[in-house]
Engineer: 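Before anything else, here's the structure in question.
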Number of protein chains: 2
Amino acid sequence: MVEYTFTLDNTFGALADNTRRDILRRVSEAELSVSQLAKNYDLTFAAVSKHLKVLERAKLVIKRRNGKEQLVSLAPQAMADAAQYIEWYKQFMESRLDALEIYLKEDQNGRQ
Amino acid sequence: MVEYTFTLDNTFGALADNTRRDILRRVSEAELSVSQLAKNYDLTFAAVSKHLKVLERAKLVIKRRNGKEQLVSLAPQAMADAAQYIEWYKQFMESRLDALEIYLKEDQNGRQ
DNA sequence: TGTATATTCAACCATTTGGTTGAATGATAG
DNA sequence: CTATCATTCAACCAAATGGTTGAATATACA
């Protein structure tokens with residue numbers, strides 16, 4: 001674990017919003033312009049542009065200019081980092097997930 | 001994908017803070033009282049208590065009373081849910097991670 | 001060159017967040 | 001009961017977030 005602190009703050013912070021997660025979902029399927037993205041939300045263009053800046057800061061997406069428009073796509077390198085953080089969290093949860101299994105087995109009945 | 005929206009907001013929101021991630025790390029190893037936790041940070045007791053409420057709202061920890069103190073531990077069921085979200089995110093990233101491999105192979109040299 | 005299109009920037013506003021302090025509540029020990 | 005320890009609640013504050021509108025910038029097109 002290096003100095004992931006700020007990056008993790010940005011990464012998780014960026015993921016803590018449904019619009020941004022939806023943007024990620026969309027651009028994970030295809031590279032889209034800002035206006036193409038903006039069409040999907042009941043938000044102003046500027047608001048979507050701001051969301052994109054949050055995602056850019058978190059290095060979850062990159063933009064490249066194509067004529068008048070700006071094309072958004074997932075940022076492959078940061079994506080790998082994100083997956084790594086997530087993997088780390090999964091690891092650190094793992095021991096507890098073992099405990100969970102035991103817990104669930106011991107508790108087949110009395111779940112509220 | 002059910003209605004994870006609010007939960008994911010809370011989950012990722014809760015994870016977007018180093019103090020809270022550190023609390024999670026600590027309580028993943030052992031059940032700790034609020035004051036035992038608070039000792040580790042240069043924060044008031046109340047501030048730590050607030051962080052714990054955020055983690056509770058995200059169902060990442062649970063508290064149980066033990067005499068005067070309140071013992072904090074990872075919330076096993078929510079932990080499983082969190083792992084599931086994370087797994088989902090990994091899945092949806094997977095296609096792009098394949099693309100990443102290709103990208104990395106094609107780009108052995110020119111990384112800035 | 002001027003105009004339209006795509007996007008960002010700046011200023012502003014309301015709400016949320018992360019922190020503080022001090023009072024209130026809960027539980028145990030005398 | 002009352003004092004004490006552990007924790008929360010309430011009120012407050014500054015900074016960050018998520019949104020708006022309107023002006024500014026960049027590119028293409030005629």
Engineer: Start at the 5' end of DNA chain D and walk down; is the nucleotide closest to A:F45 or to A:G67 reached first?
Structural biologist: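 Nearer the 5' end of the strand: A:F45.
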
Engineer: Would a 4.5 Å heavy-atom cut-off, applied to side chains only, mark A:Q36 and A:K39 as touching?
Structural biologist: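 In contact.
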
Engineer: Using whole Å, what does the distance between atom C1' of nucleotide D:dG18 and atom CG of B:D9 come to?
Structural biologist: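 Atom-to-atom, B:D9 to D:dG18, this comes out as 12 Å.
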
Engineer: Please report, rounded to the nearest Å, how far the C1' atom of D:dT7 is from the CD atom of B:E56.
Structural biologist: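 Going from CD in B:E56 over to C1' in D:dT7 covers 12 Å.
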
Engineer: If I take atom CG in residue B:L37 and atom C1' in nucleotide D:dT7, what distance separates them, rounded to the nearest angstrom?
Structural biologist: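 Between C1' of D:dT7 and CG of B:L37: 13 Å.
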
Engineer: Examine C:dG19: is either OP1 or OP2 under 4.0 Å from a nitrogen or oxygen in the side chain of B:T44? Give yes or no.
Structural biologist: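 Indeed not, no polar side-chain atom of B:T44 lies that close.
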
Engineer: Out of curiosity, A:E56 CD to A:K63 NZ, how far, rounded to the nearest 0.5 Å?
Structural biologist: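 The CD atom of A:E56 sits 3.5 Å away from the NZ atom of A:K63.
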
Engineer: Would you kindly compare A:R65 and A:A47 by the position of their nearest DNA chain D nucleotide and give the one closer to the 5′ end?
Structural biologist: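 Here A:A47 is the residue nearer the 5' end.
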
Engineer: Would you indicate what A:T19 reaches in the nucleic acid, counting non-hydrogen atoms under 4.0 angstrom: base, sugar-phosphate, or nothing?
Structural biologist: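 Contact class for A:T19: none.
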
Engineer: Counting only side-chain nitrogens and oxygens, does B:K53 get under 4.0 Å of the OP1 or OP2 atom of D:dC9?
Structural biologist: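 Yes, because at least one side-chain N or O of B:K53 sits under 4.0 Å from OP1 or OP2 of D:dC9.
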
Engineer: Just to confirm, is there a sub-4.0 Å distance from OP1 or OP2 of D:dG19 to any side-chain nitrogen or oxygen of A:H51?
Structural biologist: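 Answer yes for this pair, as a side-chain N or O of A:H51 is under 4.0 Å from OP1 or OP2.
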
Engineer: Just so I know, are the side chains of A:L15 and A:L60 near enough to count as touching, which here means a heavy-atom distance under 4.5 Å?
Structural biologist: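 A side-chain contact under 4.5 Å exists here.
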
Engineer: Answer with yes or no whether the hydrophobic clustering places A:F12 together with B:V54; edges join I, L, V, M, F, W, Y residues whose side-chain heavy atoms lie under 4.5 Å apart.
Structural biologist: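 The answer is no; the residues belong to distinct hydrophobic clusters.
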
Engineer: Write down the distance between CD (A:Q70) and C1' (D:dA28), rounded to a whole number of angstrom.
Structural biologist: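 Rounding to the nearest Å, CD of A:Q70 and C1' of D:dA28 are 15 Å apart.
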
Engineer: Measure from the side-chain heavy atoms of B:E69 and tell me the nearest of D:dT8, D:dT7, D:dT17.
Structural biologist: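 Within the option list, the nearest is D:dT7.
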
Engineer: Can you find a side chain N or O atom of B:R20 that sits less than 4.0 Å from OP1 or OP2 on C:dG18?
Structural biologist: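 Looking at the OP1 and OP2 atoms of C:dG18, one of them is under 4.0 Å from a side-chain N or O of B:R20.
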
Engineer: Would you confirm whether B:R25, through its side chain, and B:R20, through its main-chain N or O, come within 3.5 Å as a donor-acceptor pair?
Structural biologist: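 Not confirmed, B:R25 side chain does not pair with B:R20 backbone.
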
Engineer: Whole-Å distance between C:dT5 C1' and A:K68 NZ?
Structural biologist: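 Between C1' of C:dT5 and NZ of A:K68: 4 Å.
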
Engineer: Grab the NZ-C1' distance between B:K50 and C:dT21 for me, whole Å please.
Structural biologist: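 Going from NZ in B:K50 over to C1' in C:dT21 covers 11 Å.
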
Engineer: OP1, OP2 of D:dT8 versus side-chain N and O of B:K63: anything below 4.0 Å?
Structural biologist: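 For B:K63, the contact criterion (side-chain N or O under 4.0 Å from OP1 or OP2 of D:dT8) is met.
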
Engineer: Roughly, in whole Å, what's the span from CG in A:L55 to P in D:dG18?
Structural biologist: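 Taking atom P of D:dG18 as the reference, CG of A:L55 is at 10 Å.
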
Engineer: The side chain of B:V34 is closest to which nucleotide in this list: C:dT8, D:dG19, D:dT8?
Structural biologist: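 From the listed options, D:dT8 comes nearest.
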
Engineer: How long is the line joining CG of A:L15 and P of D:dT17, in whole Å?
Structural biologist: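 One finds 14 Å between P of D:dT17 and CG of A:L15, rounded.
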
